[in-house]
Amino acid sequence: MSDLSDFRKEKDELFGTKDESPLNQEQKAQFKGLNYYPEDSNYQVSGNLSKNPSEEIINIKTSVGDIQPYKRYGKVSFSVQGREVALNIYQSTDSGHLFVPFRDTTNGTDTYHDGRFVEAEEENGKLDIDFNYAYNPYCAYNENFRCPISPEENTLDVEIKAGEKRYH
């Protein structure tokens, strides 16, 4: 079993059985697993990170209509599906955690309409992103959660057929 398969199995177990799950009891009773695209190495990308020297704070809208501040950490450029694209990388003002919300042309059909998130690892000016680990925010499963909505400026004009699909 691959690392991704193990990760997905553990996530399904968390969602279906654990108290930390975003699913309510009724959803857990009917839960049979999350929907995923098949693993595809074409969605493992690496790009050069251009850090934002100004440490600009931007306000990202949330699912409940308010805003949440993030530092615009930088921008990563990479190639996917033979196209050069770029995403802004944000940093939590609370934890310092890097945050990569994104939208793509699958939103609203195959994937959650407000976009998905993916983790990134920075090393020596490079940023590695594996879209196979792209995930939905908790508000995609339960409206009682407050989640940042992927900013329009992080919309990719390509299909990212990797990671989690829509729940419903």
Side-chain angles (χ1 to χ4, degrees), residues 1-12 14 22 34-63 67-141 147-167:
M1 200 176 264
S2 73
D3 289 343
L4 181 63
S5 295
D6 289 342
F7 174 82
R8 289 176 173 180
K9 183 179 176 186
E10 289 172 16
K11 187 164 187 174
D12 283 349
L14 179 142
L34 296 173
N35 298 316
Y36 299 101
Y37 286 104
E39 185 171 3
D40 187 339
S41 62
N42 291 312
Y43 292 105
Q44 297 168 334
V45 300
S46 184
N48 292 319
L49 175 65
S50 301
K51 286 190 179 178
N52 184 355
S54 72
E55 298 194 3
E56 169 189 17
I57 302 292
I58 67 160
N59 291 316
I60 295 180
K61 291 180 186 176
T62 73
S63 56
I67 55 173
Q68 193 169 346
Y70 283 90
K71 191 182 302 180
R72 188 177 277 132
Y73 186 78
K75 185 175 257 189
V76 63
S77 300
F78 55 92
S79 177
V80 66
Q81 295 182 1
R83 297 189 49 196
E84 290 299 317
V85 295
L87 286 173
N88 289 294
I89 309 301
Y90 306 96
Q91 186 175 41
S92 169
T93 56
D94 297 332
S95 68
H97 177 74
L98 293 183
F99 177 61
V100 189
F102 71 96
R103 296 172 185 255
D104 67 282
T105 58
T106 67
N107 295 143
T109 54
D110 290 352
T111 63
Y112 182 58
H113 65 276
D114 279 335
R116 294 178 287 161
F117 305 157
V118 68
E119 305 300 317
E121 296 195 18
E122 179 187 2
E123 190 173 324
N124 300 325
K126 288 268 197 199
L127 207 69
D128 294 326
I129 299 173
D130 187 344
F131 286 104
N132 291 291
Y133 288 89
Y135 61 94
N136 295 320
Y138 274 10
C139 53
Y141 307 103
C147 306
I149 294 173
S150 298
E152 292 289 334
E153 69 183 16
N154 260 22
T155 301
L156 299 174
D157 193 24
V158 295
E159 289 182 324
I160 302 295
K161 290 190 168 194
E164 279 183 40
K165 293 182 175 183
R166 284 178 45 187
Y167 175 60

Quiz prompt | Trace of the salt bridge (Lys or Arg N to Asp or Glu O under 4.0 Å) decision for Glu153 with Arg72 | solution = CA-CA 12 Å; Glu153 69 183 16; Arg72 188 177 277 132; 2.9 Å; yes
Quiz item: Is any side-chain heavy atom of Tyr90 closer than 4.5 Å to a side-chain heavy atom of Pro148?
Solution: no
Quiz item: Just wondering, do Asp40 and Asn132 contact through their side chains at under 4.5 Å, heavy atoms?
Solution: yes
Quiz item: Is the CD atom of Glu123 crowded by more than 12 outside heavy atoms at less than 6.0 Å?
Solution: no
Exercise. Compare every heavy atom of Ala134 with every heavy atom of Ala162, then report the nearest pair and how far apart it is.
Key: O-CB, 4.1 Å
Self-check item: Centroid-centroid distance, Tyr43 to Tyr37, less than 6.0 Å
Solution: no
Exercise. For residues Pro69 and Thr93, report the shortest heavy-atom separation together with the two atoms involved.
Key: O-OG1, 3.5 Å
Practice problem: Can you establish whether the number of heavy atoms outside Lys165 located under 6.0 Å from its atom NZ is more than 12? | Solution: yes
Practice problem: Taking the side chain as every heavy atom from C-beta outward, state whether Phe78 and Leu127 have any pair of such atoms under 4.5 Å apart. | Solution: no
Exercise. Mind listing the closest non-hydrogen atom pair of Ser79 and Glu84 along with its distance?
Key: CB-OE2, 3.2 Å
Quiz item: Rounded to the nearest 0.5 Å, what separation is found between the CG atom of Asp114 and the NZ atom of Lys61?
Solution: 10.5 Å
Exercise. May I ask you to test the Lys75-Leu87 pair for a side-chain heavy-atom distance under 4.5 Å?
Key: no
Quiz item: From Thr105 OG1 over to Glu159 CD, what is the distance, rounded to the nearest 0.5 angstrom?
Solution: 4.5 Å
Quiz item: Which heavy-atom pair separates Ala86 from Leu156 by the least distance, and what is that distance?
Solution: O-CD2, 3.7 Å
Exercise. Would you mind reporting whether Asn42 and Val80 have side-chain heavy atoms less than 4.5 Å apart?
Key: no
Quiz prompt | Residues which pass salt bridge (charged side-chain N to carboxylate O under 4.0 Å, His left out) with Lys11, listed by chain and number, not counting sequence neighbours | solution = Glu164
Quiz item: Who passes salt bridge (charged side-chain N to carboxylate O under 4.0 Å, His left out) against Glu122, sequence neighbours left out?
Solution: Lys51
Practice problem: Nearest 0.5 Å please: distance from the CG atom of Asn136 over to the NE2 atom of His113. | Solution: 10.5 Å
Exercise. Answer whether the closest heavy-atom distance between the side chains of Ser92 and Phe99 falls below 4.5 Å.
Key: no
Quiz item: Just how far is it from atom CD of Gln81 to atom CD1 of Ile160, taken to the nearest 0.5 Å?
Solution: 6.0 Å
Exercise. Would you sort out whether Asp104 and Thr106 count as a side chain to side chain donor-acceptor pair (under 3.5 Å), showing the intermediate values?
Key: CA-CA 6 Å; Asp104 67 282; Thr106 67; 2.7 Å; yes
Practice problem: Output yes when a side-chain donor or acceptor of Asn154 lies under 3.5 Å from a complementary backbone atom of Arg103, and no otherwise. | Solution: no
Self-check item: Single hit among Phe131, Tyr135, Phe117 for ring-ring contact (aromatic ring centres under 6.0 Å, His included) with Phe102
Solution: Phe131
Quiz item: Does the side chain of Glu121 come within less than 4.5 Å of Asp130's, by heavy atoms?
Solution: no
Exercise. Output all residues satisfying salt bridge (charged side-chain N to carboxylate O under 4.0 Å, His left out) with Lys71, sequence neighbours left out; order by chain, then residue number.
Key: Glu55
Quiz item: How far apart are the closest heavy atoms of Pro137 and Gly115, and which atoms are they?
Solution: CD-O, 3.7 Å
Quiz item: How close do Thr155 and Glu152 get, heavy atom to heavy atom, and via which atoms?
Solution: OG1-O, 2.8 Å
Quiz item: Could you give the distance from CD1 (Ile57) to OH (Tyr70), rounded to the nearest 0.5 Å?
Solution: 11.5 Å
Quiz item: Looking at OG of Ser2 and CZ of Arg8, how far apart are the two atoms once the value is rounded to the nearest 0.5 Å?
Solution: 8.0 Å
